[in-house]
Amino acid sequence: GFRLRPPQPWRMFASRLRALPRRSDFLGLARWALDKPIRRQVILPSSSAACRSFASLPHDDAEDVIHTSSASQSTITRAHTPLDPQHMALGHGPIPPARKLCSMGTGEVVHVLSYEAREDANVDRFERVVQRIAYDLHEMDAGISDVRVCHPRCGEATFVVTVVSKFESERFNGEIAPRITAALRDECVGGNPSFSRTGTLMPQAHSLDSLIDHLRTSITGTNHHEHDIVGVRHEIAKWFPRREEYEQFVHWDDHDPTKYTRNVIHSTEEMEVLLMCWPAGCKSLIHCHDESSCWVAAVEGHVMEVQYQLPKMDRKFFKDAMTNPTGAIGRCGALKVSNVVPLGLPDSPAETYANNEIGIHRIENRSEQPAITLHVYAPRLRKMKIFHEAGDHSIATVAAVSYMSEGGEKTGLWGRDTHPDGVIDVKAWNQVLSSGGVL
């Protein structure tokens, strides 16, 4: 078809930038890499193409600005070491490093390149080159997620290019950025960008205060059926924990270093936010959440959520619950594990969700280091059923919830004999266990 040929100065510029990758080449590379085993070889156009002398290129070359070089290629070999899930689940190996804010984002990388025309330069020529660079950048879509061009005035231009990964960022720096600079070198101040920066795209992230403010307005309803489960989980995932924000809520049991603790950050009838501190090797009892929703997020270290199917309870349990709401005890069927979810490990989710329709669960710190988790209950969790595995059957009881601290201050109600899973009728519990579960 018909194609407008650029003026003479542009022909020279176009030929200088002919070695940039086409979309089809990026797509072919991606398809090829996905089909390869763990150890991959990634083929890139040689960076030597970016350094070719412009004087050696024909001035009447009217090719596009962005092209794939068919010249020599270089090979990069990358070895990927996959995690051993069983090894990591048992708590062995190095503790994962603290999360970084930008690691919570998409992994996109932003490149900013600003240029100014020299005072003695031909501004019209500078503008023509900038216009063509902008056109070709907008045409790129392989490895590129966004292109913006800021044009404050004639003789100034800023290119803002967002690529999808660090890999594509290295490619941009090695192949595209040098050609843009080379094309503007004769017209711009100093022959280089007046400003150049590259950085990871910063995500929208909650502080602890903004998260709680959002949850207060977004969580409504009297039970888990009325909650926007996915929406709330999405907002919790956007929280970037900073130690100075939650330090005051971190409390450990001075009497028993093996106990986990429950610490209230925020509490109303509609919603409760707790920080739980887990010593190495400790775990909660298996428990339900009554009519509440339960969102859990890893804050420090990593834990495992073990999910069970909710068993059937006997009639005696329900009869006791009518007269003793916080101390009913009964028998139920055997507990069956339905899922095990790591929280806070590399390449694992940082948050999860549970309600009684999904099942019951326990939290375990299987590592050799302490861990901290954030829990959001809606409505506030006043009581819960806890379960004890007893061979081919189980024992269930109702417990009222206990707290180590509220608002950063110790309650004074957490003593040597306090059980973190709640206030239990210990005598009745022990009688059931010692009699082999016969009530």
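Computed over heavy atoms, backbone and side chain alike; hydrogens, waters and symmetry mates excluded.
Residues Leu274 and Glu272 have side chains in contact (heavy-atom distance under 4.5 Å, counting atoms from C-beta outward). Residues Arg216 and Ile212 have side chains in contact (heavy-atom distance under 4.5 Å, counting atoms from C-beta outward). For the pair Trp295/Tyr377, no side-chain contact is recorded, criterion being any heavy-atom separation below 4.5 Å from C-beta on. Counting only heavy atoms from C-beta outward, the side chains of Arg197 and Val110 never approach each other to under 4.5 Å. Looking at Ile360 and Leu335, their side chains come closer than 4.5 Å, going by heavy atoms from C-beta outward.
Aromatic rings of His289 and His361 (six-membered ring for Trp) have centroids within the 6.0 Å cut-off, being under it. Between His225 and His227, the distance separating the two ring centers is not shorter than 6.0 angstrom.
One finds no salt bridge joining Glu175 and Arg171 here, because no Lys/Arg side-chain nitrogen approaches an Asp/Glu carboxylate oxygen to under 4.0 Å. Between Glu305 and Arg362 there is no salt bridge, since no side-chain N of the basic residue sits under 4.0 Å from a carboxylate O of the acidic one. Salt bridge absent: Lys166 and Glu108 never bring a charged side-chain N and a carboxylate O closer than 4.0 Å. A salt bridge links Lys238 with Glu235: at least one charged nitrogen is closer than 4.0 Å to a carboxylate oxygen.
Residues His224 and Ser292 bring no donor and acceptor atom of their side chains to less than 3.5 Å of each other.
With hydrogens and angles ignored, the 3.5 Å screen pairs a side-chain donor or acceptor of Ser210 with a backbone N or O of Ser207. Without hydrogens or angle criteria, Ser114 side chain to Ser194 main chain gives no donor-acceptor distance under 3.5 Å. Looking only at distances, a side-chain donor or acceptor of His251 sits under 3.5 Å from a matching main-chain atom of Gly408. Using a distance-only test at 3.5 Å, with no hydrogens or angles considered, a donor-acceptor pair links the side chain of Ser218 to the main chain of His214.
The heavy-atom pair separating Trp239 from Leu208 by the smallest distance is NE1-N, 3.4 Å. Nearest heavy-atom pair across Pro279 and Asn365 is O-ND2, 3.1 Å.
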